[in-house]
Amino acid sequence: AGIGLQPALSPKGGRKSPKNYKHDHYYSMEEIMQLHTKDYGVIDYEEKDLFHFPDGLFGFSEVQHYLPLCLNEEEDSTILLLQGVENPDVAFVVINPFSLDPDYAPNLTDEELTYLGVKDAEDLSYYVTCVLQADYLDNTVNLKCPLVINPENHKGMQVILEASGYEYKHTLGSFESVQAKQKAAV
């Protein structure tokens with residue numbers, strides 16, 4: 001794997017405290033596959049590492065499998081790169097929204113919960129897509145359309161939170177948690 005990237009496994013822990021993703025192939029009997037990426041070279045992974053979005057993500061229906069990669073091996077699963085498998089030119093930076101806003105409250109429909117194979121939204125992991133800018137405080141996240149993943153079977157979907165009051169673009173600099181970290185670093 002290039003520059004310290006490794007598959008991020010088992011997004012357990014639900015909404016507010018996903019456990020760290022750990023890379024552990026030592027006890028696996030699955031076949032190791034390789035993904036050739038433009039920016040990170042060749043990345044080894046197993047099929048069980050993939051997130052499966054049967055309907056794709058909005059605007060990318062042809063890419064249904066994503067390899068979640070930890071961008072820094074020493075960090076937890078707060079920020080990931082979702083690397084497209086069918087098209088390695090497709091990749092998304094995603095962030096756990098609860099790290100930005102502990103009061104984030106996505107409400108899923110019964111149909112969405114059934115589709116993901118759970119009875120309770122607390123059993124799911126949530127990520128929001130991030131658009132990168134030159135100044136990280138200008139990066140934006142989409143709280144209105146989170147990616148929702150069942151950590152048990154890695155099945156996911158992107159939902160639209162219609163009556164949520166969340167917007168498509170929230171700058172990172174607008175979150176109190178980011179502002180506090182910035183002040184502490186100064």
Side-chain angles (χ1 to χ4, degrees), residues 6-24 45-58 60-61 63-84 91-131 139-172 174-181:
Q6 63 180 351
L9 307 177
S10 303
K12 304 224 182 226
R15 291 173 28 155
K16 296 194 178 183
S17 59
K19 293 185 174 102
N20 291 349
Y21 290 113
K22 297 294 180 192
H23 184 64
D24 184 5
Y45 71 97
E46 295 178 23
E47 180 144 358
K48 69 177 182 157
D49 299 340
L50 299 176
F51 289 162
H52 180 224
F53 294 87
D55 298 322
L57 301 180
F58 299 150
F60 297 90
S61 60
V63 181
Q64 298 178 345
H65 298 90
Y66 289 87
L67 182 62
L69 300 169
C70 292
L71 295 175
N72 181 343
E73 292 179 20
E74 297 169 10
E75 289 186 20
D76 63 10
S77 59
T78 301
I79 302 174
L80 297 174
L81 178 72
L82 290 187
Q83 180 68 58
F92 297 96
V93 173
V94 295
I95 300 175
N96 177 328
F98 300 101
S99 68
L100 300 171
D101 180 3
D103 296 324
Y104 185 63
N107 291 315
L108 301 183
T109 66
D110 290 339
E111 292 83 13
E112 291 164 340
L113 294 174
T114 299
Y115 179 83
L116 292 167
V118 299
K119 294 182 180 176
D120 189 342
E122 295 283 327
D123 296 332
L124 299 168
S125 294
Y126 296 81
Y127 289 94
V128 293
T129 55
C130 181
V131 176
N139 291 352
T140 59
V141 292
N142 180 349
L143 295 179
K144 189 169 190 75
C145 301
L147 309 182
V148 187
I149 301 164
N150 180 332
E152 296 301 319
N153 62 18
H154 289 201
K155 184 178 184 180
M157 68 184 303
Q158 187 170 20
V159 299
I160 300 175
L161 304 175
E162 292 290 347
S164 66
Y166 296 116
E167 299 295 327
Y168 296 105
K169 290 184 177 183
H170 295 264
T171 61
L172 288 187
S174 69
F175 292 99
E176 289 179 21
S177 61
V178 174
Q179 293 169 5
K181 285 181 185 177

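Remember, predicted model here, so these are calculated numbers, not experimental data. Counting from 1, the numbers follow the sequence of the chain as shown. Just so you know, these numbers use all the heavy atoms, side chains as well, and skip hydrogens, waters and symmetry mates.
Taken from CD in Gln158 to CG in Asn142, the straight-line distance is 7.0 Å, to the nearest 0.5 Å. Annotation: the span from Leu67 atom CG to Leu50 atom CG amounts to 6.0 Å, rounded to 0.5 Å. Taken from OH in Tyr115 to CG in Asp55, the straight-line distance is 4.0 Å, to the nearest 0.5 Å. A distance of 6.5 Å separates CG of Leu113 from CG of Leu124, quoted to the nearest 0.5 Å. From Ile160, atom CD1 reaches atom CD of Glu112 across 9.5 Å, with rounding to the nearest 0.5 Å. In this structure, OG1 on Thr129 lies 9.0 Å from CD1 on Ile95, to the nearest 0.5 angstrom.
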**Q.** Candidate pair Lys144 and Glu167, rule side-chain contact (heavy atoms from CB on, under 4.5 Å), full reasoning
**A.** CA-CA 5 Å; Lys144 189 169 190 75; Glu167 299 295 327; 5.9 Å; no

Q: Tell me, with the steps shown, if Tyr166 and Tyr104 meet ring-ring contact (aromatic ring centres under 6.0 Å, His included).
A: CA-CA 9 Å; Tyr166 296 116; Tyr104 185 63; 4.7 Å; yes

Q: Quick one: do Leu82 and Leu147 satisfy side-chain contact (heavy atoms from CB on, under 4.5 Å)? Show the steps, please.
A: CA-CA 11 Å; Leu82 290 187; Leu147 309 182; 3.6 Å; yes

Q | Full working for side-chain contact (heavy atoms from CB on, under 4.5 Å) between Val141 and Phe175 | A | CA-CA 11 Å; Val141 292; Phe175 292 99; 3.8 Å; yes

Q: Apply side-chain contact (heavy atoms from CB on, under 4.5 Å) to Val148 and Leu116, showing your working.
A: CA-CA 8 Å; Val148 187; Leu116 292 167; 3.6 Å; yes

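The nearest pair of heavy atoms linking Gly84 to Val63 is CA-CG1, 3.8 Å. Closest heavy-atom contact between Gln64 and Pro54: NE2-O, 2.8 Å. Between Asn107 and Leu161 the shortest heavy-atom distance is O-CD2, 3.7 Å. Between Tyr168 and Cys145, the shortest heavy-atom distance links the atoms CE2-SG, 3.5 Å.
A side-chain contact (heavy atoms from CB on, under 4.5 Å) with Leu108 holds for exactly one of Val159, Val118, Thr114; it is Val159. Partner of Val94 under the side-chain contact (heavy atoms from CB on, under 4.5 Å) criterion, out of Val128, Leu80, Ile79: Leu80 alone.
Using a 4.5 Å cut-off on side-chain heavy atoms (C-beta onward), Leu81 and Pro68 make no contact.
In this structure, Phe51 and His154 have perpendicular ring planes: the angle between them is above 60°, well past the 30° mark. A perpendicular orientation is assigned to the rings of Phe98 and Tyr126, their planes being inclined by more than 60° (bins at 30° and 60°).
The backbone N or O of His170 lies less than 3.5 Å from no partner atom in the side chain of Ser174, so there is not a single donor-acceptor pair. In this structure a side-chain-to-backbone donor-acceptor pair under 3.5 Å is present from Ser177 to Leu100.
Between Phe92 and Tyr127, the distance separating the two ring centers is not shorter than 6.0 angstrom.
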